[in-house]
Each structure stands twice: as C-alpha cells, then as structure tokens.
*Asks:* 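Got a structure here, written out as structure tokens. Questions coming.
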Amino acid sequence: MSESQYKVEVHNLTKNFGSLKVLNDISFNIKKGEFVCIVGPTGCGKTTFLNLLTRIYMPTKGDLLIDGESADPKKHNLAFVFQEPSALPWKTVEQNLRFGLELKKLPKEEIDKRVETIIKLMGLESFRDSYPHQLSVSTEQRIIIGRAFAMNPDLLLMDEPYGQMDIKLRFYLEDEVLRLWKETGATVLFITHNIEEAVYLAERVLILSNKPTTIKEDLAIDLPRPRDVTAPEFIEKRQYITDQIKWW
Amino acid sequence: MKKEKEELFLSEYERRELLQSRIYRVLPVAAILLLLLLWVAVSRGEASKFPSPTAVWERYLKLLDRPIKNLGLFGHIWASLQRVFIALGAAWVIGISFGILIGWNKKANALLGPIFTAFRAVPPLAWVPLVTMWFGIGEFPKVLIVFVGALMPVVVNTQAGIANVQKEYMDIGTIFHANGRQMLLEIAIPSAFDAIFAGIRNSTSAGWMVVLAAEMLGGKSGVGFLIVRGMDSGDYPLCLLSMICIGVVGYLLAIVIQFLERIICPWTAKKSN
C-alpha cells in the first residue's frame with residue numbers, strides 16, 4: 001500500500017562494468033508530482049544512471065520501478081531534455097511540439113489540445129510557424145522543454161539542460177520549468193552540477209558521492225517559493241550541499 | 001542639434017554600406033559588358049577567325065526566318081530541354097530511391113555500393129557506342145545517356161546525406177521511441193534534404209551538359225545538333241549562337257532549381273533574416 005504512492009522507486013541499484021563499480025547500491029523513491037534534483041561531482045556516474053532508466057544498460061543488481069513495475073521505455077512514458085538544444089530544423093515550432101505525440105499515433109484532437117496548451121504555457125504563440133534556426137537558443141530550448149512536457153510523461157528526465165546557458169537565460173528557463181511543472185503536475189528528475197540551480201528548483205536534492213556512486217544524502221529543500229537566491233536560508237542550504245560534495 | 005549630427009554620421013556610414021551593396025549588383029553587369037567588349041575586340045577585322053557579335057545576331061535573325069529541320073532556335077532548345085526533363089525525372093525518382101536504399105541499409109550498401117562506385121567512374125558518354133548499338137539513334141538512347149549522367153550525382157549525394165544524419169537528430173527519434181520506419185521517414189530523409197537537393201542541382205547541370213554531347217553524336221534536333229550543323233557547314237556564328245544559348249539556359253535552370261529548393265525546403269534558407 002505504501003509503495004503505490006511512489007512514482008519511481010529505485011531499489012539497491014548497482015551497476016558494474018566488469019571490475020569497474022559505477023553505481024553502488026542506490027535506493028531512493030520519488031513521489032508523484034515531485035521535483036527532485038540530483039547533484040554530484042562530474043564523472044559520478046549520472047550518465048550511467050540515466051542509461052539504466054532508459055534501459056540502454058541493464059542493472060547488475062537491483063531494479064528501477066515506475067508505478068510499481070520494472071521500468072520499460074516502451075511501456076512507460078519517459079521524456080528527456082538534454083544539454084544540447086535539439087529541435088528538428090526542418091519542422092516548425094508547432095510541428096516540433098507535435099512530433100513525439102504523432103510518433104505515438106495519438107488521436108489528432110488529443111495532439112491539438114496538448115500542443116495548444118503547451119504553446120500557451122510557454123508563450124510560443126508568435127513563433128508557432130517559425131523554424132528553429134530563426135529563433136534564439138533560449139527559445140529553442142523552450143521548444144525542447146515544451147516538447148517533453150507535451151508527452152505528459154510519467155517521469156521527465158532533465159540532464160543538465162541549462163549547462164550551456166548564461167546566467168540570465170538560466171534563471172529565466174528555471175522559472176519556466178517550474179511553472180510547467182506546477183501546471184502539469186509532472187514528476188521531474190533534474191540532473192545538474194550547479195548547486196544553486198538544484199536548491200532553487202528542487203523539493204528534494206539527492207547528493208551523489210564519487211565512484212562507486214552512492215547517495216550521500218537525501219536532503220529536503222522546504223524553502224518557500226519563489227525562492228530568493230540571496231536569502232540566508234538559501235545560502236545556508238547551498239553552502240551545506242557544497243560542503244557535502246567537497247568532503248568525502 | 002546634436003542628435004541630427006549623430007544621425008548624419010550614421011547615415012554616412014550607411015551610405016557607404018549602401019554603396020557597397022550596389023557595387024555587388026553592378027559587378028556582374030560590368031563583367032558581361034567587359035566580355036562583350038573583349039568579344040568585339042577579338043572579332044574585329046577581316047582576318048579574324050572569331051564570329052562577331054553582329055554576325056551572331058544576324059544569324060539569330062536568319063534562324064527565325066529559316067528554321068533548321070523545321071525547328072527554330074527555341075524549338076531546338078525545347079527539344080534538348082525535353083530530353084533533359086524526362087531523363088531528370090527518371091533519374092531523381094530512381095536515384096533518390098537507390099541513394100536512400102544504400103545510404104540506410106548497410107547490407108544493401110555492402111552489396112551494391114562497390115558496383116555503383118565502379119560504374120560511377122565511367123563517363124556517361126562512354127555508353128554511347130553500346131547504347132547506340134542496342135537502341136539505335138532515336139529519342140530513347142539520348143534520354144538514356146542523359147539519365148546515366150544525371151543519376152550519379154543524385155545517388156551519391158542522397159546516399160551521403162542519409163548515411164551521415166547528425167547523431168543528435170537520431171537521438172531525438174530514439175527518445176520518442178520511433179520505430180525503424182519512422183526513423184527513416186521522419187528523421188533521416190528530412191535531414192538529408194539539403195544533400196539531396198545538392199544532388200538535384202548537380203544532376204541538372206550534368207544532364208544539361210550530357211544532352212548536348214549526346215545530340216552532337218547524331219540527331220535531327222536540339223542545341224547540340226545545331227553546333228554540329230554549324231561545324232559541318234562552316235557556319236561558326238551558328239555555333240557561337242548555340243553556345244550562348246546553352247550558357248543562358250543552364251543559368252536559368254540553376255535559378256529554377258534554387259527557387260524550387262526554397263519552396264520545398266524553407267528551413268534551408270539559413271539565418272538569412
């Protein structure tokens with residue numbers, strides 16, 4: 001009974017490549033509609049973790065459940081946003097948003113409805129018929145984020161989506177993703193190495209250790225929103241996480 | 001007062017820019033004028049072996065009056081173009097399909113790629129003797145030779161475009177669980193449109209060149225035929241007139257293709273605005 005409240009359950013997840021231990025006995029749960037950030041030093045195995053979720057790799061030990069079932073990208077609805085913005089250049093903004101839904105062969109009315117919602121939420125009305133090359137990088141990244149949310153994913157995975165962006169753009173898109181998260185009630189797993197970003201976004205932050213990776217700490221961030229990056233409590237959390245990553 | 005001065009300064013800069021852009025428009029015209037001047041210069045005098053502009057012009061007027069083999073100049077141009085269009089149509093359909101096949105399917109590429117690469121090295125005109133022996137000297141063999149010449153660039157470019165789809169686009173397909181067919185139709189082919197169009201462009205110019213050569217080898221119509229006729233009867237103004245027509249038509253074909261590309265692939269007009 002208590003299990004069903006979790007959207008994602010990770011049980012004792014372990015992955016070795018031969019003698020190289022990458023992930024070591026990771027367990028955590030994500031509630032439905034939760035926004036969880038994972039922070040950790042570079043090379044801490046987060047790519048491996050993602051590839052386990054998408055079943056590119058199978059775990060050595062343990063398992064990964066979505067809605068109580070072993071994760072299966074064919075059955076479960078996972079959506080991704082990666083670091084590099086990658087809209088399809090031969091499709092207009094609207095066609096890009098429709099793309100994933102059309103591949104899934106959803107009924108046209110459903111696609112129309114979802115795409116309209118996303119276009120409105122993301123303020124893309126005036127770009128609807130533009131091609132990606134006519135847009136700025138941040139607008140292109142908005143398309144990618146919108147495209148992911150339009151899938152109504154069981155779980156939205158974001159892998160350092162703002163890694164390449166300047167501060168202003170990052171702040172702007174962080175607020176954007178928070179708004180979408182609230183409006184759609186999606187479950188989000190957001191990977192970043194930017195600690196400030198994690199504290200700003202997350203309800204919970206999972207701090208990873210170096211290889212073999214374990215969860216060093218599962219930290220709740222209960223600051224009120226909208227969060228103020230200069231507030232003492234904010235800085236305290238940020239400093240705390242930074243120290244956790246620094247000292248092994 | 002001060003503001004006006006600033007505007008004046010700006011406009012001076014802008015005027016220079018405007019002048020620059022005008023220079024680029026004037027340069028092509030200047031080149032043509034220069035060429036004409038050169039033409040006049042080399043064709044002057046009784047002993048000149050170069051047909052003069054007036055001679056070519058008069059030959060043009062005479063051709064309007066007295067058609068060759070029942071066709072005027074434009075009739076002959078059209079005869080050549082018809083052959084090119086038929087051959088191009090076939091070459092595009094077959095070439096793009098074949099290019100997609102060997103670009104997408106590794107086994108097909110391993111099987112057919114080497115043969116194709118060897119055939120590619122054979123110039124289209126080398127086919128003339130065999131094609132003439134098989135099909136005589138009617139319309140079909142000419143079209144066939146043009147087809148062979150136009151096919152190669154389409155296949156090569158299409159294959160390259162399909163085989164080298166950027167990984168990030170394929171990743172998008174993977175993320176959304178596209179199946180193999182969707183990968184090809186929704187990702188690979190659209191992303192290769194640039195390359196395919198490069199093939200179409202090359203095949204058009206190749207086709208236009210090969211048709212003239214094919215016509216020079218026998219026939220009763222076409223611009224290539226006009227050149228041979230001019231050569232055989234010592235009518236050099238006719239040769240030069242035909243050459244000018246070949247150049248102009250080739251140029252127009254290139255413009256038409258460019259225009260088509262803009263309509264069919266609007267996203268390739270990169271960052272123009």
Side-chain angles (χ1 to χ4, degrees), chain A residues 47 50-51 53-56 72-93 95-106 111 129-137 140 143-145 147-159 161 164, chain B residues 92 96-97 99-100 103-104 154 157-201 257-273:
Chain A
T47 312
L50 272 182
N51 287 337
L53 268 178
T54 57
R55 293 303 196 208
I56 289 175
D72 178 359
K74 291 212 172 59
K75 185 164 18 157
H76 295 115
N77 198 349
L78 306 176
F80 299 83
V81 177
F82 292 131
Q83 197 166 343
E84 297 289 331
S86 49
L88 296 172
W90 55 87
K91 288 184 182 288
T92 62
V93 169
Q95 288 166 346
N96 263 291
L97 292 173
R98 302 179 74 91
F99 178 71
L101 302 166
E102 280 171 354
L103 283 191
K104 280 189 79 180
K105 301 208 165 74
L106 292 182
I111 298 179
D129 296 319
S130 304
Y131 287 97
H133 71 80
Q134 299 168 308
L135 306 171
S136 62
V137 184
E140 193 176 344
I143 302 171
I144 313 297
I145 295 168
R147 190 176 66 186
F149 274 99
M151 300 297 286
N152 279 351
D154 290 326
L155 178 62
L156 175 61
L157 296 160
M158 305 183 81
D159 183 10
Q164 305 277 336
Chain B
W92 292 348
I96 292 172
S97 314
I100 290 172
W104 189 246
V154 184
N157 282 283
T158 306
Q159 190 243 357
I162 296 283
N164 301 314
V165 179
Q166 282 184 47
K167 193 182 165 296
E168 52 188 288
Y169 300 149
M170 300 300 272
D171 284 345
I172 298 173
T174 314
I175 289 170
F176 289 111
H177 309 303
N179 57 34
R181 217 183 107 248
Q182 289 169 328
M183 274 297 205
L184 178 64
L185 295 179
E186 297 285 335
I187 306 272
I189 292 178
S191 82
F193 264 28
D194 289 23
I196 295 175
F197 247 99
I200 284 179
R201 243 187 338 260
I257 293 292
Q258 199 179 13
F259 182 70
L260 268 179
E261 180 169 6
R262 289 242 180 94
I263 290 176
I264 297 174
C265 327
W267 64 88
T268 55
K270 287 246 161 62
K271 276 147 193 156
S272 49
N273 39 0

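Since we're looking at a predicted model, the values are computed, not measured. Here is the naming used below: chain letters follow the sequence lines, and residue numbers restart at 1 for every chain.
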*Asks:* How many angstroms lie between NZ in K167(B) and OG in S86(A), if you round to the nearest 0.5 Å?
*Replies:*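 Here the rounded value is 10.0 Å.
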*Asks:* How long is the straight-line distance from CH2 of W90(A) back to CZ of F193(B), given to the nearest 0.5 Å?
*Replies:*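 These two atoms lie 10.0 Å from each other.
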*Asks:* How far does NZ of K105(A) sit from CD of Q182(B), to the nearest 0.5 angstrom?
*Replies:*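 CD of Q182(B) is found 4.5 Å from NZ of K105(A).
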*Asks:* What's the shortest heavy-atom distance between P89(A) and Y169(B), and which atoms?
*Replies:*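 In terms of heavy atoms, the two residues are closest at CG-OH, 3.2 Å.
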*Asks:* Roughly how far apart are L101(A) CG and F176(B) CZ, rounded to 0.5 Å?
*Replies:*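 Atom-to-atom, L101(A):CG and F176(B):CZ are 8.0 Å apart.
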*Asks:* Given heavy-atom pairs under 4.5 angstrom as the criterion, report whether the side chain, backbone, both or neither of S191(B) touches chain A.
*Replies:*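 S191(B) touches chain A through backbone and side-chain heavy atoms alike.
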*Asks:* Are the side chain of E186(B) and the backbone N or O of L103(A) linked by a donor-acceptor pair below 3.5 Å?
*Replies:*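 Answer holds: no.
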*Asks:* To the nearest 0.5 Å, tell me how far L88(A) CG sits from Q166(B) CD.
*Replies:*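 Rounded to the nearest 0.5 Å, the CG-CD separation comes to 11.0 Å.
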*Asks:* Could you check D171(B) against F80(A) for side-chain contact (heavy atoms from CB on, under 4.5 Å), going step by step and ending with a plain yes or no?
*Replies:* CA-CA 10 Å; D171(B) 284 345; F80(A) 299 83; over 6 Å; no
